[in-house]
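Accompanying notes for the structure given below.
Keep in mind it's a predicted model, so treat the numbers as computed, not measured. For ligands, and for the atoms within them, numbers begin at 1 and follow the listed sequence.
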Amino acid sequence: GGPRRCRRLEAEAARAVLAATDTLLFDCDGVLWRGEAAVSGAAAALGRLAAAGKRLCYVTNNSSRTRAAYTEKLRRLGFPPAETRNVFGSAYCAARYLRQALPPGAAAYVLGSPALAAELEAVGIPHLGPGPAALPGPAPADWAQAPLDPAVRAVLVGFDEHFSYAKLCQALRYLLRGGTDCLLVGTNRDNRLPLEGGAAIPGTGCLVKAVETAAQREAFIVGKPNRYMFDCVASEFNIDPARTIMVGDRLDTDILMGNSCGLTTLLTLTGVSTLDEVRGHQDSDCPTRQSLVPDYYVDSISDLLSALGE
Ligand code: PLP
Ligand code: CA
């Protein structure tokens with residue numbers, strides 16, 4: 001009911017909000033760290049939350065690491081010890097999705113990282129990438145003669161720094177052969193990954209778009225803002241959405257997912273989105289833009305430390 005208003009989470013309100021919270025879901029890049037550097041004060045704030053008995057989960061659209069690798073990164077950067085089962089990366093969630101959606105024994109053709117392959121292996125899904133040896137000739141038209149694995153029933157697109165025209169060809173061939181019997185799944189749609197100093201590199205969304213354009217169909221997206229990622233958390237833990245906070249740095253992924261799942265949403269300004277963007281959405285009466293407005297914002301999650309009394 002009514003337009004959403006975003007308020008700064010001051011210490012007093014933070015105490016009340018946290019007292020009514022059992023679980024916090026943290027986006028990773030832009031909230032806990034930027035690249036390899038922890039956000040200042042973030043580890044101490046999470047340590048305090050863990051000590052206060054809160055359940056901490058980690059939800060990241062980055063498909064280039066396994067959940068075990070995130071657990072290790074959290075440890076390395078001084079965050080409170082996390083268990084692998086509290087980490088929900090889009091590679092793990094994609095593997096989970098395929099395990100549930102594919103018939104037994106079906107395989108996936110994968111455009112992605114070794115981490116994505118590892119998560120598929122962990123849930124027992126056979127997978128294959130292209131391998132240059134599979135290309136039967138020098139010209140793209142020859143590639144349409146390359147052998148297809150009869151077991152493939154899904155094309156999975158994640159972050160793939162070796163994305164190529166040959167892989168795009170093979171993905172299309174599987175999708176054309178299988179029709180709607182071949183699933184098309186993307187880990188996430190982030191179009192740009194910001195680097196320090198205003199630079200950026202293309203994100204997985206660009207690769208998903210390429211395959212969708214070739215196949216003339218839309219992919220199922222596992223990551224934020226799709227609620228599938230939240231459903232993964234909720235199926236592994238007993239989650240009351242009304243007592244859960246989603247903490248993120250992006251309005252169009254983290255905050256949109258949190259709002260659509262009925263969570264309390266908290267934007268931190270250490271990452272991609274700005275307070276000006278929040279104000280723009282807030283002042284518009286378009287419902288789509290309203291769904292991007294977080295309940296609260298902080299400059300950094302280290303601000304939660306003072307709310308918790310150091
Ligand atoms: N995808 C890739 C490949 C990334 O490197 C990143 C951030 O580093 C992301 C997505 C966004 O991750 P998050 O959801 O943790 O902000
Ligand atoms: Ca982020």
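In this model, a donor atom of one side chain and an acceptor atom of the other lie less than 3.5 Å apart for N62 and S64. For T265 and N259, the side-chain atoms include at least one donor-acceptor pair closer than 3.5 Å.
When the N, O or S atoms of D249 are ranked by distance to the Ca ion (ligand 2), OD1 comes first. Distances from the Ca ion (ligand 2) to the N/O/S atoms of D29 are shortest for O. Summary: OD2 is the N/O/S atom of D27 found nearest to the Ca ion (ligand 2).
Tested against R67, the residues E236, E72, E83 include a single salt bridge (Lys or Arg N to Asp or Glu O under 4.0 Å) partner, E236. Each of L266, D22, L304 was compared with I245 under the side chain to side chain contact (heavy atoms under 4.5 Å, CB included) criterion, and only L266 meets it. Shown are D29, D252, D254; of these, the salt bridge (Lys or Arg N to Asp or Glu O under 4.0 Å) with K224 is made only by D254.
Heavy-atom proximity to C28, at under 4.0 Å, picks out these atoms of ligand 1: 15 (O). The atoms of ligand 1 that sit less than 4.0 Å from any heavy atom of K224 are 14 (O). Numbered from 1 in the order shown, with element, the atoms of ligand 1 that lie under 4.0 Å from a heavy atom of D27 read 13 (P), 14 (O), 15 (O), 16 (O). Within ligand 1, counting atoms from 1 as listed, the ones closer than 4.0 Å to a heavy atom of L193 are 1 (N), 2 (C), 3 (C), 4 (C), 5 (O), 6 (C), 9 (C), 10 (C).
We find the CD1-CG distance between I125 and L98 to be 4.5 Å, quoted to the nearest 0.5 Å. One distance of note links CG of D295 with CG of L9; it measures 10.0 Å at 0.5 Å rounding.
Not one N, O or S atom of D254 sits under 3.0 Å from the Ca ion (ligand 2).
Scanning T60, N62, D249 for the heavy atom closest to atom 10 (C) of ligand 1 points to N62. Closest heavy-atom approach to atom 7 (C) of ligand 1 within the set I201, N61, T204, D29: this belongs to D29.
Put simply, the side chain of N61 does not reach to within 4.5 Å of the side chain of R189, judged on heavy atoms.
The closest approach between any non-hydrogen atom of R250 and ligand 1 is not below 4.0 Å.
For atom 11 (C) of ligand 1, the nearest protein heavy atom (residue, atom name, distance) is D190 OD2, 4.0 Å.
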